[in-house]
Amino acid sequence: MTKVDVLLGLQWGDEGKGKVVDVLTPNYDAIARFQGGPNAGHSIEFNSIKHVLHTIPSGIFHPSCINIIGNGVVLDPIVFAEEVEILTKMNVDLHKTLLISKKAHLILPSHRELDAASEAAKGKGKIGSTLRGIGPTYMDKTGRNGLRVGDILSPDFTRNYEFLKNKHKELLQQYTYQSNIEQHEDAWFKGVEVIKQFRLVDSEYDINEMLVAGKRVLAEGAQGSLLDIDFGSYPFVTSSNTICAGACTGLGVSPHSIGEVYGIFKAYCTRVGSGPFPTEQENDTGEKMRNLGVEFGATTGRPRRCGWLDMVALKYAIMLNGVTRLIMTKADVLDSFDTIRVAVAYLVNGKQTTRLPYDINVPVEPVYKEFKGWNSDITGITNEQDLPVELAEYIRFIEHETGVPIHIVSVGPNRDSTIVRA
Ligand code: IMP
C-alpha cells in the first residue's frame with residue numbers, strides 16, 4: 001500500500017506550487033486538489049507559454065496522469081467550464097483523466113455576490129478576498145445549506161438551486177450592495193452541463209483504491225499555510241484548512257496514509273490582500289522584488305506585497321504541516337541584491353520571541369540576519385555544484401534552522417529551471 005504525498009505552500013500562497021507539481025507529476029499516477037477553489041491561480045510555464053489553472057489540478061498537462069478534484073474543493077461551474085474550454089483548445093484530453101468528487105461544494109453566482117457585498121461592507125477592514133465566492137460557499141457547507149456536485153444529477157436540482165439563491169437574496173438585502181445574480185445564471189447552468197460530462201465519483205474510494213493498488217498519489221494544496229482558517233492571521237485568511245491535515249479531510253484519506261510532505265516556499269515572501277506581514281518592504285527593495293519576480297496575482301492581477309524571508313513564520317508552517325522536504329522557489333529573483341535579509345525572531349512589546357503572536361494588531365519588529373548576495377544570474381544553472389557559494393550558504397542556513405532538507409531549488413519559471421538535489 002502506498003501513501004499520499006502532499007505538496008503545499010508554507011507562506012501566504014503564490015509560492016510557485018503549479019510549476020513544482022508539474023515538475024513532480026511524472027513521478028505520480030494521480031494529482032488531487034483537496035481544498036480551496038478558483039481563488040487559486042496555479043501558473044505553469046512550458047515552451048515559454050504561461051498557463052494558469054484555477055480549479056483543475058496541475059497534473060493535467062501530463063496525459064497519463066489522473067487528476068482529481070476532491071471533496072474539500074469548492075467548484076464554480078462558470079470558471080470550470082472556461083478552464084475546460086481553454087484546455088480543450090490546447091488538445092488536452094480532460095475527459096479521460098479528470099475525476100470530480102460528488103461531495104465537492106458548488107459556488108453559486110449568489111455566493112460571489114455575497115462575497116463582494118460582505119467585503120464592501122467591511123470597508124477598511126476588508127480581507128482583500130479574491131471575490132470568487134469562497135467564504136460564503138464554505139459558510140453554506142458548514143451551515144449545512146450547500147449544494148454539492150452530486151446534486152446536479154438530481155431531478156430537484158433547479159428547485160434546490162432556486163431555494164438557496166432566494167435565501168442568499170434575502171441576505172443580500174441587508175447590504176447596500178447592488179447585485180445582479182441573474183446575469184450570470186445562464187453561464188452557470190451551462191457550466192453545470194459541462195460538469196455533467198465528466199466522471200463524478202466518490203473520490204475517497206478512488207484514491208484509497210489507488211493506494212491499495214500501489215499507485216502514487218500527490219495531493220496539491222492551494223493558497224498557503226499562513227492563510228489557513230485556523231492557524232493563519234485570522235480573520236485575514238482564506239476559508240479552508242490549507243495545511244496538511246486538510247488533505248485528509250479534503251480527500252478522505254487517513255493520517256496514516258500521508259507520506260512525504262513537500263513544503264514549498266519562496267526565497268523571499270509575498271502576500272496579496274490585507275493582514276499582517278512582518279517582513280514587508282514598502283520601499284525600493286519591495287518594489288524591486290515585485291518587478292523582478294513579476295509579483296502580480298495570477299487570479300486577480302493585484303500587485304503582491306513583497307518582503308524578506310521570515311524564518312519565524314516558515315518554522316511555524318513546517319511545524320503545522322510536518323514537512324519532510326523543502327522546495328525553495330524564485331531564488332533567481334534575488335540575483336541582483338547585494339545583501340539579503342532573513343527574519344530570525346520578532347520583537348513584540350520590547351521582548352524577543354520566535355513565536356507568532358496571537359494578537360495580529362500588536363506591532364511586530366523583525367530581527368534580521370544578513371547574508372551576502374550572490375550577484376550573478378543563476379537562471380541557467382541545472383547542477384547543484386554550479387550554484388554560487390553565497391546561495392549555497394543561504395540554503396545551508398535554512399536547512400540548519402528548520403532541520404529539513406531542501407530537495408528542490410527552482411531558479412526560473414520554466415520546467416527546465418529546476419535543480420533537484422540528492
Ligand atoms: P479568499 O480566499 O478569496 O476569500 O481570500 C482570502 C485571502 O486569501 C485574501 O487575502 C486573498 O488575497 C488570499 N488568497 C486567496 N487565494 C489565494 C491564492 O491562491 N494565493 C494567494 N493568496 C490567496
Side-chain angles (χ1 to χ4, degrees), residues 7-21 33-44 51-58 69 72-76 78-79 83 105 107-108 110-122 124-142 220-243 246 250 264-266 268-277 280 290 293-307 313 317 329-330 360:
L7 179 119
L8 35 77
L10 298 177
Q11 295 162 325
W12 285 284
D14 310 314
E15 296 93 350
K17 291 178 288 290
K19 174 193 152 163
V20 175
V21 180
R33 278 275 309 265
F34 58 88
Q35 46 70 232
N39 47 352
H42 291 177
S43 308
I44 301 172
H51 310 275
V52 182
L53 297 166
H54 298 286
T55 315
I56 294 174
S58 305
I69 298 177
V73 172
V74 288
L75 188 71
D76 184 334
I78 298 179
V79 181
E83 268 185 90
H105 277 246
I107 302 175
L108 273 56
S110 42
H111 282 130
R112 291 182 68 147
E113 300 288 297
L114 279 168
D115 210 0
S118 155
E119 274 285 82
K122 283 193 164 111
K124 275 193 174 158
K126 70 175 183 177
I127 308 296
S129 159
T130 59
L131 304 180
R132 296 298 189 266
I134 307 296
T137 307
Y138 278 117
M139 280 166 69
D140 271 341
K141 175 178 177 174
T142 50
E220 174 185 16
Q223 291 81 52
S225 302
L226 303 176
L227 288 171
D228 182 88
I229 182 75
D230 283 282
F231 298 104
S233 43
Y234 194 87
F236 300 103
V237 292
T238 191
S239 300
S240 61
N241 279 118
T242 56
I243 60 170
I264 176 162
F265 69 101
K266 276 189 222 187
Y268 52 101
C269 268
T270 62
R271 178 167 197 164
V272 231
S274 326
F277 181 178
E280 182 171 16
R290 183 158 39 251
V294 198
E295 295 295 357
F296 298 90
T299 299
T300 57
R302 289 180 292 177
R304 296 180 185 139
R305 300 156 65 193
C306 296
T329 59
K330 298 188 103 166
I360 60 164

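Numbering starts at 1 and runs along the sequence shown. For ligands, and for the atoms within them, numbers begin at 1 and follow the listed sequence.
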Quiz item: For Ile127, which residues count as a side-chain contact (heavy atoms from CB on, under 4.5 Å) partner, sequence neighbours excluded?
Solution: Glu119, Lys122, Pro235, Phe236

Quiz item: Mind checking whether Thr130 and Arg302 have side chains closer than 4.5 Å, heavy atoms only?
Solution: yes

Quiz prompt | pair His105-Leu75: side-chain heavy atoms closer than 4.5 Å | solution = no

Any heavy atom of [X] sitting closer than 4.0 Å to ligand 1?
X: Gln223; answer: yes
X: Gly128; answer: yes
X: Phe236; answer: no

Between [X] and ligand 1, is there a nitrogen or oxygen pair with a distance under 3.5 Å?
X: Ser274; answer: no
X: Gly13; answer: no
X: Asp115; answer: no
X: Ile134; answer: no
X: Arg302; answer: yes
X: Ser239; answer: no

Just which atoms of ligand 1 are under 4.0 Å from any heavy atom in [X]?
X: Trp12; answer: 21 (C), 22 (N)
X: Ala40; answer: 19 (O)
X: Val272; answer: 10 (O), 12 (O), 21 (C), 22 (N)

Exercise. Mind listing the closest non-hydrogen atom pair of Glu83 and Ile56 along with its distance?
Key: OE1-N, 3.4 Å

Where is the nearest protein heavy atom to [atom]: which residue, which atom, and how far?
atom: atom 3 (O) of ligand 1; result: Thr130 OG1, 2.5 Å
atom: atom 7 (C) of ligand 1; result: Val237 O, 3.8 Å
atom: atom 1 (P) of ligand 1; result: Ser129 OG, 3.7 Å
atom: atom 20 (N) of ligand 1; result: Asp14 OD1, 3.2 Å

Quiz item: Quick one: do Glu295 and Arg304 make a salt bridge, cutoff under 4.0 Å?
Solution: yes

Quiz item: Does Asp14 come within less than 4.0 Å of Lys266, counting only side-chain N to carboxylate O?
Solution: no

Practice problem: Out of Thr238, Leu227, Thr270, indicate the one that has the non-hydrogen atom closest to atom 13 (C) of ligand 1. | Solution: Leu227

Practice problem: Counting heavy atoms only, name the option from Ile229, Val74, Asn39 that's nearest to atom 18 (C) of ligand 1. | Solution: Asn39

Self-check item: Evaluation steps, side-chain hydrogen bond (donor to acceptor under 3.5 Å, both in side chains), between Gln35 and Asn241
Solution: CA-CA 7 Å; Gln35 46 70 232; Asn241 279 118; over 6 Å; no

Practice problem: Let me see the working for Val20 and Thr329 under side chain to side chain contact (heavy atoms under 4.5 Å, CB included), right down to the final yes or no. | Solution: CA-CA 9 Å; Val20 175; Thr329 59; 4.1 Å; yes

Quiz item: Of all residues at least two apart in sequence or in a different chain, which pass the ring-ring contact (aromatic ring centres under 6.0 Å, His included) check with Phe277?
Solution: Trp12

Quiz prompt | Pairwise distance OG1(Thr270) to CZ(Arg305) - rounded to 0.5 angstrom | solution = 10.0 Å

Quiz item: In Å, rounded to the nearest 0.5 Å, how long is the span from CD of Gln11 to CG of Leu226?
Solution: 7.5 Å

